[in-house]
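Single-structure report; data block below.
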Amino acid sequence: MISGAAKLAGVMGWPISHSKSPILHGYWLDHYHVDGAYIPMAVSPDSLGQAVDGLRALGFKGSNVTVPHKQAIMSYCDIIADDARMIGAVNTLVLDADGHITGSNTDHAGFIDNLRLSDPSWDPKSGTAVVLGAGGAARAVLYGLIRAGAPKIRVANRTLDRARALAEDFAPHVEVVAFSDTAEALADCALLVNTTSLGMTGQPPLDLRLDALPKSALVTDIVYAPLVTPLLAEAMKRGNRTVDGLGMLLHQAVPGFEAWFGVRPAVTQDLREIVLGTK
Ligand code: ATR
């Protein structure tokens, strides 16, 4: 139940019906008895400016922004946080009382918090990280790892130039590896991260030999459909610690919820099951 004073937020995307954000924010609103609402907003690329004016006109506290608006939204923000500038994408808007909009990116914190909370023994400073992929998700992962103190990060990507661009933007922490050399690049790796779409339901598998990967390495995949990707299954089989990608989605939502609704929500097993649809 909400009152006439309910705080409003939502998620803008095109399409939006697949988004899990309304389920997860709705769960927290209910759990913390917040007088607020979080709604899905189907916003076509042509309507983005009008939609932003609408948020202001309707007194929204803010919004999440998803595909395909994460870059285009930047031109409508009054302030762009450092994280969004470095990652090159905004996923969270916060409106102040005057309607000024700050755009930030919470994916990097979602990535790091997920690893820290899922595996308390993980130390980002402990060794080299290998990141597969050089898209938007990889940029968020790099930003998070560098902030957390990762000493060295190797990026392997099918399109070498994209990896090179990333290494330049995040210099001096990143070195580039040819995608065909990934298996050898795992030799002294403390953390292996897949940010490519390989292994996702309906996509080709990630064909990577893990023989050289130390047994002490942590392996994580930002793909969460399936929850246990072939990469994670293989890593588990050989005794590596693994963290699945669903937690990143849940943890990236925490800062937005806190900014809009004034409560810092917890990521729990109950929430995971609700979002997975198993409860
Ligand atoms: P996101 O924003 O989720 O990171 P993206 O920018 O489209 O999405 O990036 C997808 C990543 O998956 C890229 O690193 C892409 O490699 P390219 O830069 O070479 O395109 C990687 N990827 C997708 N399909 C792939 C495939 N069949 N083989 C290897 N890499 C693939």
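Computed from a predicted structure; not experimentally measured. Throughout, residue positions are numbered sequentially from 1 according to the sequence presented. We count ligands from 1, going down the list as the structure has it; atoms in each ligand are counted the same way.
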Practice prompt. Run the numbers for me: atoms of ligand 1, each under 4.0 Å from some heavy atom of G135, listed by number.
Written response: 4 (O), 6 (O), 9 (O), 14 (O)
Fill in: Pair T229, D221: side-chain N/O donor-acceptor within cut-off below 3.5 Å
yes
Practice prompt. Determine the interplanar angle of the W28 and F257 rings, folded into 0 to 90°, and report it as parallel if under 30°, tilted if 30 to 60°, perpendicular if over 60°.
Written response: perpendicular
Item to complete: Find all atoms of ligand 1 within a distance of less than 4.0 Å from any non-hydrogen atom belonging to T159, and give their numbers and elements.
Response: 17 (P), 18 (O), 19 (O), 20 (O)
Response to the item:
Restricting to heavy atoms, the pick from D161, V223, T196, D107 nearest atom 21 (C) of ligand 1 would be T196
Item to complete: Specify whether the nearest protein heavy atom to atom 8 (O) of ligand 1 is under 4.0 angstrom away.
Response: no
Item to complete: Please work out which of A89, A140, A156, A137 has its closest non-hydrogen atom nearest to atom 4 (O) of ligand 1.
Response: A137
Item to complete: Compare R139, M200, R158 and give the one whose heavy atom is closest to atom 25 (C) of ligand 1.
Response: R158
Worksheet entry | Heavy-atom donor-acceptor pair, T220 side chain to V243 backbone, under 3.5 Å | yes
Discussion item. Distance under 4.0 Å to a non-hydrogen atom of A134: what atoms of ligand 1 satisfy this?
Written reply: 14 (O)
Discussion item. I'd like to know if R272 and D244 make a salt bridge, using a cut-off of under 4.0 Å between side-chain N and carboxylate O.
Written reply: yes
Fill in: Subset of ligand 1 atoms that lie under 4.0 Å from at least one heavy atom of G133
14 (O)
Worksheet item: Are any side-chain N or O atoms of D119 and backbone N or O atoms of S121, one a donor and one an acceptor, separated by less than 3.5 Å?
Response: yes
Worksheet item: Is the side chain of R241 donor-acceptor paired with the backbone N or O of A217 at a distance under 3.5 Å, no angle test?
Response: no
Worksheet entry | Residue portion contacting ligand 1 (non-hydrogen atoms closer than 4.0 Å) for L198 | side chain
Discussion item. Looking only at protein heavy atoms, which one is nearest to atom 23 (C) of ligand 1, and what is the separation?
Written reply: S197 OG, 3.3 Å
Worksheet item: Under 30°, 30 to 60°, or over 60°: which ring-plane class applies to W260 and H25, parallel, tilted or perpendicular?
Response: tilted
Practice prompt. Mark whether atom 13 (C) of ligand 1 lies under 4.0 angstrom from at least one protein heavy atom.
Written response: yes
Worksheet entry | Protein heavy atom at shortest distance from atom 15 (C) of ligand 1 | N157 OD1, 4.0 Å
Discussion item. Under 4.0 Å from atom 17 (P) of ligand 1, is there at least one protein heavy atom?
Written reply: yes
Worksheet entry | Identified side chain to side chain donor-acceptor pair (under 3.5 Å) partner of R154 from the options T128, D181, D188, T182 | D188
Discussion item. Under 4.0 Å between a side-chain nitrogen and a carboxylate oxygen: does that hold for K7 and D35?
Written reply: no
Discussion item. One thing to verify: whether K70 and D107 come together as a salt bridge, which I'm taking to mean a side-chain N less than 4.0 angstrom from a carboxylate O.
Written reply: yes
Worksheet item: What's the shortest distance from atom 2 (O) of ligand 1 to any protein heavy atom, and which residue and atom give it?
Response: G136 N, 3.2 Å
Worksheet item: Between R162 and ligand 1, which part of the residue brings a heavy atom under 4.0 Å of the ligand: side chain, backbone, both or neither?
Response: side chain
